[in-house]
Amino acid sequence: MNNQTFGIIKPDAVRAGNIGNIIQRINDSGFKIRALKLVHLTLKEAEGFYAVHRERPFFAGLTEFMSSAPCVVMVLEKEGAVKAWRDLMGATDPAGAEEGTLRKEFGDSVGENATHGSDSDENAAIEIAYFFSNLEIV
Ligand code: CMP
């Protein structure tokens, strides 16, 4: 489905009290929220979600961080959702992200960068299914 993507408000942004600010920005950008919940991932669940990065040097730090506190997982809908959500998030490293993007505003570092988004329609479908059953998507 190329009008849906998967997003996470990561533990750093949840800890900093930015859930509401980020959801406001999602609304203002014209996305419809089709599913949303707060989850506290186990290390195993974080490792499963980021399995494609298993061989990367940052994998241990990434999965430890993602399981360190709750995060918000979401199904977002808009035409061209994958690109639209990635554009709203900005570059992976907040230092290089454009002004006005979520990572520029709410991210601290490449590891603690406030939000995640799927990188393709194919991965969006996989990532949505990792967290949500069909019944949970309205
Ligand atoms: P995300 O979109 O969640 O997908 C993989 C994550 O790995 C990425 O955002 C970053 O937060 C994280 N990460 C940590 N260190 C690095 C790094 N050196 N290069 C790229 N991504 C990194």
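Just so you know, ligand 1 is whichever comes first in the structure, and atom 1 is the first atom listed for that ligand.
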- Of all the non-hydrogen atoms in the protein, which one sits nearest to atom 11 (O) of ligand 1, and at what distance? Val110 O, 2.7 Å

- Query: Does Lys37 pair with Glu136 as a salt bridge, N-O distance under 4.0 Å?
  - Reply: yes

- Message: Classify the ring geometry of His53 against Phe58: parallel below 30°, tilted from 30° to 60°, perpendicular beyond 60°.
- Response: tilted

- Message: Please state which option from Phe59, Phe49, Tyr50 has its nearest heavy atom closest to atom 3 (O) of ligand 1.
- Response: Tyr50

- Task: Would you mind telling me if ligand 1 is within reach of the side chain of Arg86, the backbone, both or neither, using heavy atoms under 4.0 Å?
- Result: neither

- ILVMFWY cluster, Met89 and Met74 together (side-chain gap under 4.5 Å): yes

- Item | Region of Arg56 engaging ligand 1 - heavy atom pairs below 4.0 Å | neither

- Item | Any N or O of Glu112 closer than 3.5 Å to N or O of ligand 1 | no

- Query: Given the side-chain rings of Tyr50 and Tyr130, with only the six-membered ring counted for Trp, is the space between their centroids under 6.0 Å?
  - Reply: no

- Item | Atoms of ligand 1, numbered as shown, that sit under 4.0 Å from any heavy atom of Asn113 | 9 (O), 10 (C), 11 (O)

- Note on the structure: If you scan protein heavy atoms around atom 8 (C) of ligand 1, the nearest is Thr92 CG2, 3.9 Å

- Query: By side chain to side chain donor-acceptor pair (under 3.5 Å), which residues pair with Arg86, not counting sequence neighbours?
  - Reply: none

- Would a hydrophobic clustering, with Ile, Leu, Val, Met, Phe, Trp and Tyr connected at side-chain separations under 4.5 Å, put Val39 with Phe132? yes

- Subset of ligand 1 atoms that lie under 4.0 Å from at least one heavy atom of His53: 5 (C)

- Under 6.0 Å from the NZ atom of Lys78, do we count more than 12 heavy atoms belonging to anything else shown? yes

- Task: Out of Ile8, Asp119, Leu62, indicate the one that has the non-hydrogen atom closest to atom 6 (C) of ligand 1.
- Result: Leu62

- Message: Less than 3.5 Å apart, any donor N or O on the side chain of Lys10 or Asn113 sitting next to an acceptor on the other?
- Response: yes

- Task: For ligand 1, find out whether one of its N or O atoms is nearer than 3.5 Å to an N or O atom of Thr115.
- Result: no

- Decide if atom CG of Asp28 counts as having more than 12 heavy atoms of other residues, nucleotides or ligands within a radius under 6.0 Å. yes

- Are any of the heavy atoms in Lys10 under 4.0 Å away from ligand 1? yes

- Got the closest protein heavy atom to atom 19 (N) of ligand 1, with its distance? Phe58 CE2, 3.7 Å

- ligand 1 to His116 polar contact by distance, N or O atoms, under 3.5 Å: yes

